[in-house]
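Written out below as structure tokens is the structure these notes cover.
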Amino acid sequence: MKYWLVKSEPDCFSIADLAKSKRQTTCWDGVRNYQARNFLRDEMRCGDQVLFYHSSCEQPAVMGLCEVVKEAYPDHTAFDRDSDHYDPKSKQSDPTWMMVDIKLVRQFAEPLPLEKLKSVAGLKEMELLRRGSRLSVQPVTRPQFDLILKLAK
DNA sequence: GCCAACGTTGGC
DNA sequence: GCCAACGTTGGC
């Protein structure tokens, strides 16, 4: 099993929005970065555990835990002229962009702020904390993942 | 294939 | 709103 962290701007789609979604499940659309796409497409498997992170907001934080419930399939928003994520270069016959479905497992009782993560010795190597890191879908190691769940209690 | 210009991300 | 870091684009 693998472990991941995905970023979302809460103004756009928050963990509360996920909690309100049908079956507490959403398609993770709009990823338009090749490295992130490759993780989604090539490595994410059903049952993988996913940390849900709020970015570009007042308090950037890990908000809860999700899991992958559907593996990669074409991101239809890339074909939609009216979508913010429209990409004319992605063709139905050969889709450039993919998405997975994730389901909420549980929201943390308290957000686990970025500021806190920075102070934890065992998380020094996290991709999230790397200077200039912008990956919106990123792998998390098992020890990092376990530590974050422990901190979230 | 290089690299400057530009656009985006995301913390602060 | 600022700005550093990064990714992409496109001329050459």
Side-chain angles (χ1 to χ4, degrees), chain A residues 2-21 26-44 48-68 71-102 104-141 143-152:
Chain A
K2 290 201 170 79
Y3 305 89
W4 307 95
L5 180 144
V6 297
K7 296 179 185 173
S8 186
E9 299 185 19
D11 289 346
C12 174
F13 187 82
S14 70
I15 197 161
D17 294 325
L18 176 58
K20 280 181 291 190
S21 301
T26 187
C27 58
W28 203 254
D29 62 347
V31 171
R32 296 293 179 269
N33 167 282
Y34 286 101
Q35 202 181 347
R37 189 277 315 268
N38 292 347
F39 284 133
L40 285 180
R41 185 188 61 188
D42 305 333
E43 296 195 46
M44 275 195 169
D48 282 4
Q49 303 294 106
V50 182
L51 299 167
F52 193 111
Y53 178 80
H54 280 178
S55 66
S56 293
C57 56
E58 212 166 299
Q59 189 194 48
V62 180
M63 303 301 293
L65 178 63
C66 303
E67 78 176 37
V68 177
E71 294 177 10
Y73 60 108
D75 181 344
H76 56 80
T77 65
F79 310 131
D80 178 2
R81 280 174 188 285
D82 295 327
S83 168
D84 288 343
H85 304 298
Y86 176 58
D87 179 3
K89 293 192 299 302
S90 181
K91 299 193 214 71
Q92 302 253 9
S93 56
D94 183 22
T96 308
W97 305 113
M98 309 291 275
M99 59 190 185
V100 298
D101 287 357
I102 65 169
L104 183 63
V105 173
R106 64 190 156 83
Q107 201 168 338
F108 294 160
E110 301 284 343
L112 190 51
L114 176 63
E115 199 185 2
K116 169 71 182 170
L117 300 181
K118 285 177 174 173
S119 72
V120 178
L123 298 177
K124 286 273 186 288
E125 302 299 316
M126 265 192 91
E127 171 66 24
L128 185 71
L129 303 184
R130 250 194 51 229
R131 180 175 168 76
S133 171
R134 301 180 359 182
L135 253 188
S136 65
V137 176
Q138 54 182 259
V140 174
T141 68
Q144 289 164 355
F145 178 82
D146 289 345
L147 192 45
I148 284 171
L149 287 197
K150 210 168 94 187
L151 291 166

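So you know, we letter chains A, B, ... as the sequences are listed, proteins then strands, and number each from 1.
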Write down the distance between [atom1] ([X]) and [atom2] ([N]), rounded to a whole number of angstrom.
X	N	atom1	atom2	result
A/Arg130	C/dC6	CZ	P	7 Å
A/Gln35	C/dC6	CD	P	12 Å
A/Leu135	C/dC6	CG	P	11 Å
A/Leu128	C/dC6	CG	P	14 Å
A/Arg37	C/dG7	CZ	P	15 Å
A/Glu127	B/dG10	CD	C1'	13 Å
A/His85	B/dT9	NE2	C1'	14 Å
A/Asp87	B/dT8	CG	P	13 Å

Looking only at the side chain of [X] (C-beta and beyond, no hydrogens), which of the listed nucleotides [options] gets closest?
X	options	answer
A/Lys7	B/dG11, C/dC6, B/dG10	B/dG10
A/Leu114	B/dC12, B/dG10, C/dG7	B/dC12
A/Arg134	C/dG7, C/dT8, B/dG11	C/dG7

Ring centroid separation A/Phe52 to A/Trp28 under 6.0 Å: yes
Any A/Tyr34 side-chain nitrogen or oxygen under 4.0 Å from OP1 or OP2 of C/dC6: no
Donor-acceptor contact below 3.5 Å, side chain A/Ser8 vs main chain A/Phe13: yes
Donor-acceptor under 3.5 Å (A/Asp75 side chain, A/Trp97 main chain): no
Side-chain H-bond candidate by donor/acceptor type, A/Tyr3 with A/Asp146, under 3.5 Å: no
